[in-house]
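The shown structure was predicted, so the numbers you read here are calculated from the model rather than taken from an experiment. Numbers restart at 1 for each chain; the letters A, B, ... are given by sequence-line order, proteins then strands. Atom set for the values below is all heavy atoms of this structure, side chains included, hydrogens, waters and symmetry mates excluded.
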Amino acid sequence: MNKQDLKEEIVRMSGSAVEKCMRCGKCSASCPSYEDMEYHPHEFVYLVEKGDIEKLMASESIYKCLTCFACVERCPRGVEPAKVVEAVRLIVIREQGMNRLKPDDIPGLWDKDLPQQAIVTAMRKYTK
Amino acid sequence: MQKIGVFVCHCGTNIAATVDVKAVVDALAKEPSVVFAADYPYMCSESGQNLIKDAIREHELTGVVICSCSPRMHEVTFRRAAASAGLNPYLVEVANIREQCSWIHKDKAEATEKAIILGRAAIAKALLNAPLIAGESPVTKRALVIGGGIAGIQTALDIAEAGFPVDIVEQKPTIGGKMAQIDKTFPTLDCSACILTPKMVECAQNENIRIFSYSEVESVSGFVGSFTVKIRKKARYVDEVKCTGCGLCTEKCPVKNVPNEFNLGFDNRRAVYIPFAQAIPKIAVIDPDRCNMLKNGKCGLCSRVCEAGAINYKQTDEIVEEHYGAIVAATGYEISDVTRYGEYAYTESKDVITSLEFERLTNAAGPTGGVLLRPSDGKHPHTIVFIQCVGSRCVLEKGKPYCSKICCMYTAKHAMLTREKYPDTEVYVFYIDVRTPGKNFDEFYRRAAEEFGVHYIKGAVGKIVPRADGTLDVQAADLIMDEQLRISADLVVLAAAIEPSKTARKLATMLTASMDTNDFFTEAHPKLRPVESPTAGIFLSGVCQGPKDIPETVSQAGACAAKVIGLLSKNKLTGNPCVAHSDELMCNGCSSCANVCPYGAITYLDKEFRMPDRTTKVRRVASVNPAVCQGCGACTVACPSGAMDLSGFSNSQIMAEVDAICR
Ligand SMILES: Cc1cc2nc3c(=O)[nH]c(=O)nc-3n(C[C@H](O)[C@H](O)[C@H](O)COP(=O)(O)OP(=O)(O)OC[C@H]3O[C@@H](n4cnc5c(N)ncnc54)[C@H](O)[C@@H]3O)c2cc1C
Ligand code: SF4
Ligand code: SF4
Ligand code: SF4
Ligand code: SF4
């Protein structure tokens, strides 16, 4: 996909109005995964608006979002950053041929620092 | 036999570049009843107007059609010219061939054809015009100001200064508004009370001003120049005339635990109280919900200690009726509800406060005597976080989409004053933008950062968690450093959005004044008529029209007074004769018209009609007050029986225009 198509696809999938972002940073201030992310929620929104999406697709950040929706809940402009992260992630996963998570894989990935919520979201996101 | 004159304007090249003006003259000259047709470069000029006047006299015209700019621009000019030549001004029609034709078309042939059609429609309408005479109504030379904040105070003082009597209706027991609660004022840092109280005293002493405190507007009727207003004077249970304001009762009352509104609940007042030392009027009030005597007849202490014998437990609300020529809305603002933003933990921690609460905590007349102490434990805070834009610029249901305008500046003020008084505190301000347009405003903010070492951080606070050790864990983003911060704060101050008074909408309905979706009063024109409501005779002063600081409020209050004085100096008002009237034989009294009238101009009369069999029958019919009707035409569309019609814009005239266009 070219840059423009990619942006349109992400906006369509996420239903997020990235242009409404006023760059307040409340999403990133709220994000519990901040330290683990290379690109933070407000940067996801900004880079998608600019059409600079390859950077996000290549970054591990897309797997760090917990889908906790704190950013969605607190964004004063109703931008819904988590949905943008999710859309970028889905584009990458689709390109990779739908390699979804199997419940059997979970014990192998288990890490006692991993929040329980992350496992629940991972199951929701990566299983049919 | 009608004789119509047609005048086509070039408007320089504004019209003539796109419309073949000569062709329009030639075509319209051939229309039936047209006896004269001419063009001119600028019809609105002196010589253009003379052309019209001469033609009226020479050809004894019975109607005039001018093809020019929008009637909003020059209808008045051309009507005046016609009147000076002896023609009733309402026999003039304007066809808009500029805004609605030359400016929006490129093709000259098409534009010319359209201009001819528009001219033809105007001629058709002109042929059905009837001479109209504008009525006159008297002006009651007294003004009402609703709201006694700095806006209402300044407007009232300026009107009184010009020699007109003015009444202030204030819902609280004292005038003063929010400015009375503020400590120091940006950008000059002068003490708010020191500059406000002399003005409050002036209001009390000016013989042209009457203050109805602890009062509300109950109803409004009438129209520009002659409003009738009912005012409810709520029972104070204290005789206003007898009370000397000595305050003895407020010291003796045994009910000591009523949260003090003036100090935003940081301390307590008694059941009988005077809001603050400089209150105007300085008269005690008994809180009926807390007074033991009023609740269960047991006490009466204040009555025994009052040497003036002013306490009167039997007092009741009183309704007074007054007449006014002009009404000013000056109802100000309130602080929006910050509990809707759970992430800031306002309800969980006493040490998360709003900026107005901060004002009380730093005010020498406040609950802490001006020493900044944490509300939770009364200790001196060492780390303070200020958060801007709380609830402002938020498009969610719970927020306000607008910028509250004053909070960047007062936050800079708070941060600066804190650092000045307590150099051992660290002060952080989280901002999205710092907005400081205003004289000496940006310099003021920069001083806070440069001279006083306030840490300004571009970013937001995501959440606040109160910790067991009494600190507040503030999680935030620093967008310039691209990092997430954790600050352990002792005090967090929220620059909460301001919103119009909750009473404003009810009042706007009574005044038939319009409001925007945020409940700020709407001005008649955002640039050219900023202190008038679109409803004639209603004026706007202060924050009730939109967020403002004190300098801007005072300037607007003065501008508003000037408009009121302009109205009150007139002895009579000339009305607009293009108003609605109902055909009583057709009217069924169904109320459809009154329901749509935005100005409340329609009432119903029970009228006696003679029937063909010589009996009489009483029927309910609509009656339009021509002084109130603004000629908007809504009723003529709503009337199911076609009984409503508008003079100068009659249904038959509009049909004639449509016919002429479709011909
Ligand atoms: C924390 C804070 C700090 C500030 N600091 C500064 C500063 O340093 N410098 C500065 O320039 N500005 C400052 N401001 C702004 C300033 O408070 C306002 O500009 C000013 O008070 C506006 O005056 P007003 O008369 O329009 O409104 P208000 O002060 O709100 O007065 C309105 C009055 O109308 C009364 N009222 C409301 N509804 C009715 C009704 N239906 N009937 C009768 N009466 C009614 C109210 O009781 C009130 O007395 C600050 C504001 C805040 C919140
Ligand atoms: S949904 Fe994802 S991006 Fe948004 S705050 Fe939660 S973890 Fe961060
Ligand atoms: S919270 Fe919303 S408006 Fe603020 S930076 Fe994030 S996406 Fe943009
Ligand atoms: S009568 Fe009421 S207001 Fe007066 S002292 Fe007693 S409780 Fe207080
Ligand atoms: S004035 Fe400043 S703090 Fe207040 S809403 Fe506007 S930008 Fe935010």
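- Contact record, A:Gly25 with B:Ala460: C-CB, 3.9 Å, taken as the closest heavy-atom pair.
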Record all donor-acceptor atom pairs with a distance under 3.5 Å between chain B and chain A; write none if the list is empty.
{"from": "B:Glu343", "atom 1": "OE2", "to": "A:Lys26", "atom 2": "NZ", "distance (Å)": "2.6"}
{"from": "B:Tyr344", "atom 1": "OH", "to": "A:Lys26", "atom 2": "NZ", "distance (Å)": "3.0"}
{"from": "B:Arg393", "atom 1": "O", "to": "A:Arg77", "atom 2": "NH1", "distance (Å)": "2.8"}
{"from": "B:Val395", "atom 1": "N", "to": "A:Pro76", "atom 2": "O", "distance (Å)": "2.7"}
{"from": "B:Lys458", "atom 1": "NZ", "to": "A:Arg23", "atom 2": "O", "distance (Å)": "2.8"}
{"from": "B:Ala460", "atom 1": "N", "to": "A:Cys24", "atom 2": "O", "distance (Å)": "3.3"}
{"from": "B:Gly462", "atom 1": "O", "to": "A:Arg74", "atom 2": "NH1", "distance (Å)": "3.1"}
{"from": "B:Gln475", "atom 1": "NE2", "to": "A:Ala29", "atom 2": "O", "distance (Å)": "2.8"}
{"from": "B:Asp482", "atom 1": "O", "to": "A:Tyr34", "atom 2": "OH", "distance (Å)": "3.0"}
{"from": "B:Asp482", "atom 1": "OD1", "to": "A:Tyr34", "atom 2": "OH", "distance (Å)": "3.1"}
{"from": "B:Asp482", "atom 1": "OD1", "to": "A:His40", "atom 2": "ND1", "distance (Å)": "3.1"}
{"from": "B:Glu483", "atom 1": "N", "to": "A:Tyr34", "atom 2": "OH", "distance (Å)": "3.0"}
{"from": "B:Gln484", "atom 1": "NE2", "to": "A:Ser28", "atom 2": "O", "distance (Å)": "2.7"}
{"from": "B:Gln484", "atom 1": "NE2", "to": "A:Ala29", "atom 2": "O", "distance (Å)": "3.4"}
{"from": "B:Gln484", "atom 1": "NE2", "to": "A:Cys31", "atom 2": "O", "distance (Å)": "3.0"}

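- Other residues, nucleotides and ligands contribute more than 12 heavy atoms inside 6.0 Å of the CE atom of A:Met57.
- Here the closest non-hydrogen pair linking A:Ala29 and B:Ala477 is CB-N, 3.4 Å.
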